[in-house]
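Presented below is the structure to which this report refers.
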Amino acid sequence: MKRILCVVAGSFAIVILIAIVLPHDSFGPRYEQEIAAIRTLRTIHTMQVQYFSQYGMYAASLTELGELASGTKDGYRFTMTGNASGYAIHAGPESFGKTGSRTFYSDQTMKIRQNYGQEPATVNSPELK
């Protein structure tokens with residue numbers, strides 16, 4: 001009888017642990033997509049540095065840079081504007097709350113700024129640390 005109670009109690013404890021852990025696990029894919037967006041921003045910076053060293057100016061668009069022609073990657077939509085002296089990149093989730101809960105902004109300073117929420121991040125948003 002004691003063995004049955006131990007098994008039942010142990011099983012109950014496992015069920016409780018699963019109930020606690022599973023809701024938090026649902027944040028995993030969204031977080032991974034946000035991290036992928038940050039990596040993509042860093043890749044764009046690297047490409048802009050290479051472009052600048054070759055042509056003496058920054059690329060004005062992602063297409064000109066030869067990166068992300070579709071504008072989307074890993075659940076985020078990227079847009080870039082620029083001219084010879086600088087550029088600005090915006091990244092936002094394709095489906096807010098599902099593919100991401102943050103928006104990002106960066107420019108030729110290579111500082112990545114973030115905003116928690118649907119409002120697009122700007123040059124005045126907090127810097128990603």
Side-chain angles (χ1 to χ4, degrees):
M1 184 70 164
K2 286 184 180 183
R3 278 190 175 167
I4 293 174
L5 286 176
C6 287
V7 169
V8 170
S11 298
F12 185 70
I14 290 171
V15 169
I16 289 174
L17 286 174
I18 289 172
I20 291 170
V21 171
L22 278 182
H24 298 292
D25 190 41
S26 66
F27 292 112
R30 183 174 62 202
Y31 178 75
E32 289 172 10
Q33 288 173 307
E34 291 173 352
I35 297 302
I38 293 166
R39 278 193 219 113
T40 300
L41 290 171
R42 290 181 177 145
T43 298
I44 293 169
H45 286 307
T46 300
M47 295 185 77
Q48 280 285 30
V49 168
Q50 291 171 349
Y51 191 95
F52 189 86
S53 70
Q54 187 172 0
Y55 300 106
M57 62 183 190
Y58 292 109
S61 68
L62 291 170
T63 305
E64 185 179 345
L65 193 57
E67 179 75 9
L68 291 171
S70 69
T72 60
K73 185 176 180 185
D74 296 322
Y76 266 76
R77 180 168 303 285
F78 296 83
T79 58
M80 186 177 79
T81 57
N83 56 41
S85 61
Y87 61 93
I89 311 165
H90 291 89
E94 289 184 279
S95 177
F96 187 81
K98 184 175 181 180
T99 61
S101 60
R102 293 186 279 177
T103 60
F104 301 100
Y105 167 88
S106 196
D107 57 23
Q108 68 280 351
T109 65
M110 297 188 185
K111 293 179 182 175
I112 298 174
R113 301 188 177 276
Q114 65 182 341
N115 183 49
Y116 282 92
Q118 293 184 355
E119 293 292 318
T122 68
V123 69
N124 298 317
S125 297
E127 188 177 344
L128 179 70
K129 299 286 180 178

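Scope of the values below: all heavy atoms of this structure, side chains included, with no hydrogens, waters or symmetry mates.
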* Asked: Among the clusters formed by ILVMFWY side chains lying less than 4.5 Å apart, do M47 and Y105 turn up in the same one?
  -> no
* To do: Any chance you could measure N115, atom CG, to S101, atom OG, to the nearest 0.5 Å?
  => 10.0 Å
* Could you work out the complete set of other residues in the hydrophobic cluster of Y116, with links drawn between I, L, V, M, F, W and Y side chains under 4.5 Å apart? => none
* Mind checking the CD1-CD1 spacing from I112 to I38? Nearest 0.5 Å is all I need. => 6.0 Å
* Y58 and V123: same hydrophobic cluster, using ILVMFWY side-chain contacts below 4.5 Å? -> no
* Among H45, E127, R42, K111, whose side-chain hydrogen bond (donor to acceptor under 3.5 Å, both in side chains) with S106 holds? -> H45
* **Other cluster members, F96 - Ile/Leu/Val/Met/Phe/Trp/Tyr, side-chain contacts below 4.5 Å** => none
* Asked: Does a sphere of radius 6.0 Å around CD in E119 hold more than 12 heavy atoms from other residues, nucleotides or ligands, not counting ones at 6.0 Å or beyond?
  -> no
* Backbone of S125 reached by a side-chain donor or acceptor of R113 within 3.5 Å -> yes
* Just how far is it from atom CG of L41 to atom CE of M80, taken to the nearest 0.5 Å? -> 11.0 Å
* To do: Tell me yes or no: between the side chains of T103 and H90, is some donor less than 3.5 Å from an acceptor?
  => no
* Structure fact -> Taken to the nearest 0.5 Å, the spacing of T81 OG1 from L62 CG works out to 9.5 Å
* **By salt bridge (Lys or Arg N to Asp or Glu O under 4.0 Å) - contacts of E94 (at least two apart)** => R77
* Report the distance from atom OH of Y76 to atom CG of L68, rounding to the nearest 0.5 Å. => 14.0 Å
* Asked: Quick check: does any side chain N or O of R30 sit under 3.5 Å from a backbone N or O of G97, one acting as donor and the other as acceptor?
  -> yes
* For the side chain of Q108 and the backbone of Y87, is there at least one donor-acceptor N/O pair under 3.5 Å apart? -> yes
* Asked: Would a 4.5 Å heavy-atom cut-off, applied to side chains only, mark E34 and T99 as touching?
  -> no
* Decide whether Y51 and E64 meet the rule of one side-chain donor and one side-chain acceptor closer than 3.5 Å. => yes
* To do: Would you name the heavy atoms of G100 and P93 that are closest together and state the gap between them?
  => O-CG, 3.5 Å
* Under 4.5 Å between any side-chain heavy atoms of L128 and R102, yes or no? -> yes
* **Distance (rounded to the nearest 0.5 Å) between Q48 CD and M57 CE** => 10.0 Å
